Amino acid sequence: METISSPGAMAAWADRVRARGETICLVPTMGFFHAGHLALMRRAGEAADAVVVSLFVNPLQFGPTEDLARYPRALARDAELAAAAGAAVLFVPATEEVYPAGFATTVRVSGLTETLCGRSRPGHFDGVTTVVAKLFHMVKPHLAVFGEKDFQQLAVIRKMVADLNLDVQIISHPIVREEDGLAMSSRNTYLSREERGKALCLFRSLQLARERVAAGEKDAARLRNEIYQYIQSYGDVSVDYVALVDAETLADCDAITDRSLLALAVKIGRTRLIDNGLLAGSLF
Ligand code: AMP
């Protein structure tokens with residue numbers, strides 16, 4: 001595996017691969033790899049001839065009071081893991097190369113970005129779409145893999161790709177979980193022992209909601225309220241949102257159908273965790 005840090009060298013590498021008639025699949029990440037990232041990389045390897053993993057902690061997608069400065073980093077370990085998962089290139093551009101002085105362009109998807117995480121993290125998705133559009137131009141992938149853990153991000157990126165006629169096929173990958181159900185996240189490393197226990201409220205909420213729906217619950221408002229109370233019962237947790245939305249449009253649902261997704265964002269201490277899942281059927 002090669003590690004490339006210059007955008008020019010990255011684009012030249014992509015041109016050479018494309019000239020040979022081979023396909024490229026990009027896995028955009030912020031590093032500190034866990035089994036979720038590695039599953040995305042392996043999926044990318046099934047889909048294309050060459051896998052590029054980008055590792056860039058994107059300042060544009062962090063709010064002023066968020067965890068940019070303390071976001072966990074482990075470049076040497078990440079390089080070993082990406083190589084073992086079959087990546088041909090680890091692309092690690094410097095912030096100044098991605099956003100040179102005077103950088104003044106933003107890619108913004110309206111509508112989908114205004115609810116859920118977009119409401120509590122203003123500007124977050126503008127940062128995501130801007131950097132992903134740039135990565136697509138630097139890496140020139142035929143395909144790119146994104147995790148369903150960030151389901152709103154996935155919907156926003158699909159919308160950007162459709163609206164801007166970007167020639168990149170988006171592949172989604174199911175959420176990878178710890179043995180006890182906690183969705184893997186680089187941010188789980190922030191959790192104390194006690195907080196790690198409380199963090200299970202997200203996965204258990206999904207299980208509870210699925211049980212209720214399997215038993216016939218159809219009323220989204222009532223179910224939402226029950227899940228909200230359930231999470232509160234853990235104590236010392238703060239609910240950012242509990243939402244029942246259509247998995248594709250992200251519009252709130254009144255009645256639960258096989259398109260209904262339970263989406264959760266909960267702060268455990270200082271750590272904001274998200275999780276989601278369909279309540280019946282499988283759409284993705
Ligand atoms: P991140 O490094 O957290 O920005 O995530 C990079 C990619 O990995 C994104 O497409 C995420 O949705 C995906 N991802 C993160 N955690 C998981 C997980 N537990 N399961 C599946 N995909 C994940």
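Please read these numbers as outputs of a predicted model, since none were measured by experiment. Just follow the structure's listing: the first ligand is 1, and inside any ligand the first atom is 1.
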May I ask you to identify the nearest protein heavy atom to [atom], giving residue, atom name and distance to one decimal place in Å?
atom                    : answer
atom 1 (P) of ligand 1  : H37 NE2, 3.6 Å
atom 4 (O) of ligand 1  : M30 CG, 3.6 Å
atom 11 (C) of ligand 1 : D150 OD2, 3.1 Å

Can you confirm whether the side chains of [X] and [Y] place a donor and an acceptor under 3.5 Å from each other?
X    : Y    : result
Y230 : E226 : no
Y99  : N58  : yes
T23  : D49  : yes

Hey, are [X] and [Y] close enough for a salt bridge, meaning a charged N less than 4.0 Å from a carboxylate O?
X    : Y    : result
D15  : K140 : yes
R187 : D67  : yes
E46  : R43  : yes

Using distance alone, determine whether [X] and ligand 1 share an N or O pair under 3.5 Å.
X    : result
M184 : yes
L40  : no
F146 : no

With a 4.0 Å cut-off on heavy atoms, is R187 in contact with ligand 1? no
Going by the atom numbers of ligand 1, which of them fall below 4.0 Å from some non-hydrogen atom of I175? 20 (N), 21 (C)
Quick check on contacts: which atoms of ligand 1 are under 4.0 angstrom from a heavy atom of G147? 9 (C), 10 (O), 11 (C), 12 (O), 13 (C), 22 (N)
Report the member of P174, P28, A183 with the shortest heavy-atom distance to atom 6 (C) of ligand 1. P28
Selected option - heavy-atom contact closest to atom 20 (N) of ligand 1, from V176, T29, V132: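 Looking at heavy atoms only, V176 sits closest to atom 20 (N) of ligand 1.
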Should M160 and V156 be counted in the same cluster of Ile, Leu, Val, Met, Phe, Trp and Tyr side chains packed under 4.5 Å apart?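 Linked, M160 and V156 end up in one cluster.
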Could R70 and Y190 be counted as a cation-pi pair, given that NZ or CZ must be under 6.0 Å from the ring centre and within 45° of the axis? yes
Side chain, backbone, both or neither: E148 near ligand 1, heavy atoms under 4.0 Å: neither
